[in-house]
Undergrad: 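Structure provided below as C-alpha cells; questions to follow.
Note that the structure is a prediction, hence the values are computed from the model and not measured. Below, chains carry the letters A, B, ... as their sequence lines are ordered, and counting in each starts from 1.
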There are 2 protein chains.
Amino acid sequence: MKKTIDVTDDQQIQVFKALADPVRLAVLKYLKHCEEPVSCGVVGKALGISKTSGSYHFKLLEAAGLITAEKIAREKYVQLQPATFERYLTNFYDQL
Amino acid sequence: MKKTIDVTDDQQIQVFKALADPVRLAVLKYLKHCEEPVSCGVVGKALGISKTSGSYHFKLLEAAGLITAEKIAREKYVQLQPATFERYLTNFYDQL
DNA sequence: TAAATAGTTCAAAAACTTTTGAACTATTTA
DNA sequence: TAAATAGTTCAAAAGTTTTTGAACTATTTA
C-alpha cells in the first residue's frame, strides 16, 4: 500500500531514512572525524563494506543532503553537510 | 546479512527508524497539538489508520521512547516524550 | 447477561530496502 | 597500449518492515 498521509515531509523523511541504518551512521561518524573530503573508497575500506554497497549508501546520504560529493577524476570525495543536520534534526521537535 | 558495524547505537537507530515513516510522523504531529494524553483510538481515527496498524505503530513509537503510554481500563492513552527528541535529535551532529 | 467498544496478537501477504556479483565507464600507471 | 584502480549500474536474491484480517482479552453499556 502506498503512503498517503502527508506529502510535504519528503525531505524530512528522507533524512530520517538515511539515518536509520548502521552502515550509514558509521559512514557519518567516520566523516565527522575527517578535516578534509575523503574518497568513497577510503571510507568503504575503513568500514569494510563492498564498493557496490558503498555506492548505494553514499547515494542515499547525498540524496538526503547529509553529505556532499565532488567527483575528481576517478575518485569521488565526500564530506558532511552540517547545515542539513541543523535544519532537519536540531529543531525537529519544535517544528513538528 | 546481519549488521555488524556498531552495536552501541541501538537506541539512536530505533529512534531514527521510528521517525522514518509518514504514519508515525503524522501521529507525532497530531500528539504535538494535544495538551492532554489521547487514546490510541482517537488518534487512529483522526489519521484514518486501522486499529491493527495503529497498534503496530504505537508500539514502535513507545519502544523508541518517543511517546509514553498509560492503559486506563479499556483505553490506552499516549503522549509525546519530549526528552527523547532532545536527547537523540537536538545534539545529534555534535554527538556523532 | 449480551452486545459493543478498545486494544492486542498472530500469521500471511505485500511492500520496501539492502546486498551481491557481473558487466560497465572513465581515469591512471606501468 | 595494457593492466589496474575508482566508482556506477543492473537484476536477482536476501532481508526487513508494514498492512491485512481473523481471533482473542478485557472493559463498559444496555
Undergrad: Search all heavy atoms of Phe92(A) against all heavy atoms of Leu19(B) and return the closest pair with its distance.
TA: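 Nearest heavy atoms, Phe92(A) then Leu19(B): CE2-CD2, 3.9 Å.
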
Undergrad: Do Gln79(A) and Thr68(A) come within less than 4.5 Å of each other through their side chains, counting heavy atoms only?
TA: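 When only atoms from C-beta onward are counted, Thr68(A) and Gln79(A) do touch, with a gap below 4.5 Å.
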
Undergrad: Considering only side-chain heavy atoms of Arg24(A), which listed nucleotide, dT18(C), dA6(C), dA6(D), is closest?
TA: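 Of all the options, the side chain of Arg24(A) is nearest to dT18(C).
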
Undergrad: Is a side-chain donor or acceptor of Glu70(A) paired with a backbone partner of Val78(A) at a separation under 3.5 angstrom?
TA: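 Here the side-chain-to-backbone pair does not exist.
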
Undergrad: Rounded to the nearest 0.5 Å, what separates atom CG in Leu96(A) from atom CG in Leu28(B)?
TA: 6.0 Å

Undergrad: Would you please name every residue forming a salt bridge (charged side-chain N to carboxylate O under 4.0 Å, His left out) with Glu62(B), sequence neighbours left out?
TA: Lys76(B)

Undergrad: Using a cut-off of strictly less than 4.0 Å, decide whether Lys17(A) has a side-chain nitrogen or oxygen near OP1 or OP2 of dC16(C).
TA: no

Undergrad: Which letter, B, S or -, goes with each nucleotide of nucleotides 25-30 of chain C from 5' to 3', with contact meaning a protein heavy atom under 4.0 Å?
TA: --BS--

Undergrad: Whole angstrom is fine here: how far is it from NZ in Lys45(B) over to C1' in dG7(C)?
TA: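 Taking atom C1' of dG7(C) as the reference, NZ of Lys45(B) is at 11 Å.
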
Undergrad: Please tabulate, one pair per line, all N/O donor-acceptor pairs under 3.5 Å involving side-chain atoms of residues 82-90 of chain B, not counting sequence neighbours.
TA:
from: Thr84(B); atom 1: OG1; to: Gly65(B); atom 2: O; distance (Å): 2.6
from: Glu86(B); atom 1: OE1; to: Thr90(B); atom 2: OG1; distance (Å): 3.4
from: Thr90(B); atom 1: OG1; to: Glu86(B); atom 2: O; distance (Å): 3.4

Undergrad: Counting just side-chain N and O atoms, does His57(A) come under 4.0 Å of either OP1 or OP2 of dT19(C)?
TA: yes

Undergrad: Nucleotides 8-10 of chain C: which of its N/O atoms have a protein N/O under 3.5 Å away?
TA:
from: dT8(C); atom 1: OP1; to: Lys76(B); atom 2: NZ; distance (Å): 2.7
from: dT8(C); atom 1: OP2; to: Ser55(B); atom 2: OG; distance (Å): 2.6

Undergrad: In this structure, which stretches of DNA chain C are paired as stems of three or more consecutive Watson-Crick or G-U pairs, both distances less than 3.5 Å?
TA: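 Only these stems qualify: C:1-30 with D:1-30.
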
Undergrad: Whole angstroms only, please: what is the CD1-P distance between Ile49(B) and dT17(D)?
TA: 19 Å

Undergrad: Using whole Å, report how far CG of Asp21(A) lies from C1' of dT19(C).
TA: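 Atom CG in Asp21(A) sits about 11 Å away from atom C1' in dT19(C).
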
Undergrad: Please round to the nearest 0.5 Å and tell me the distance separating atom CD of Gln12(A) and atom CG of Leu25(B).
TA: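 Output value for this atom pair is 6.5 Å.
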
Undergrad: Return a table of donor-acceptor pairs under 3.5 angstrom between the side chains of residues 32-54 of chain B and protein atoms on other chains or two or more places apart.
TA:
from: Lys32(B); atom 1: NZ; to: Tyr93(A); atom 2: O; distance (Å): 3.1
from: Lys32(B); atom 1: NZ; to: Asp94(A); atom 2: O; distance (Å): 3.4
from: His33(B); atom 1: ND1; to: Lys29(B); atom 2: O; distance (Å): 2.9
from: Ser39(B); atom 1: OG; to: Val42(B); atom 2: N; distance (Å): 3.2
from: Ser50(B); atom 1: OG; to: Ser53(B); atom 2: N; distance (Å): 3.1

Undergrad: Of all heavy-atom pairs between Ile13(A) and Asp21(B), which one has the smallest distance, and what is that distance?
TA: CD1-C, 4.0 Å

Undergrad: List the atom of Leu66(A), the atom of Ala18(A), and the distance in Å for their closest heavy-atom pair.
TA: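 Closest approach of Leu66(A) to Ala18(A), heavy atoms only: CD1-CB, 3.7 Å.
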
Undergrad: Once you round it to whole Å, what is the distance between P of dT16(D) and CD of Gln14(B)?
TA: 15 Å

Undergrad: Does dT19(C) have its OP1 or OP2 closer than 4.0 Å to a side-chain nitrogen or oxygen of Ser50(A)?
TA: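 For Ser50(A), the contact criterion (side-chain N or O under 4.0 Å from OP1 or OP2 of dT19(C)) is not met.
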
Undergrad: Taking all non-hydrogen atoms of both residues into account, name the closest pair between Gln11(A) and Ala64(A) and its distance.
TA: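 Smallest heavy-atom distance, with atoms named: NE2-O, 3.2 Å.
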
Undergrad: Output the rounded distance in Å from CG (Leu61(A)) to P (dT18(C)).
TA: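 In whole Å, dT18(C) P lies 10 Å from Leu61(A) CG.
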
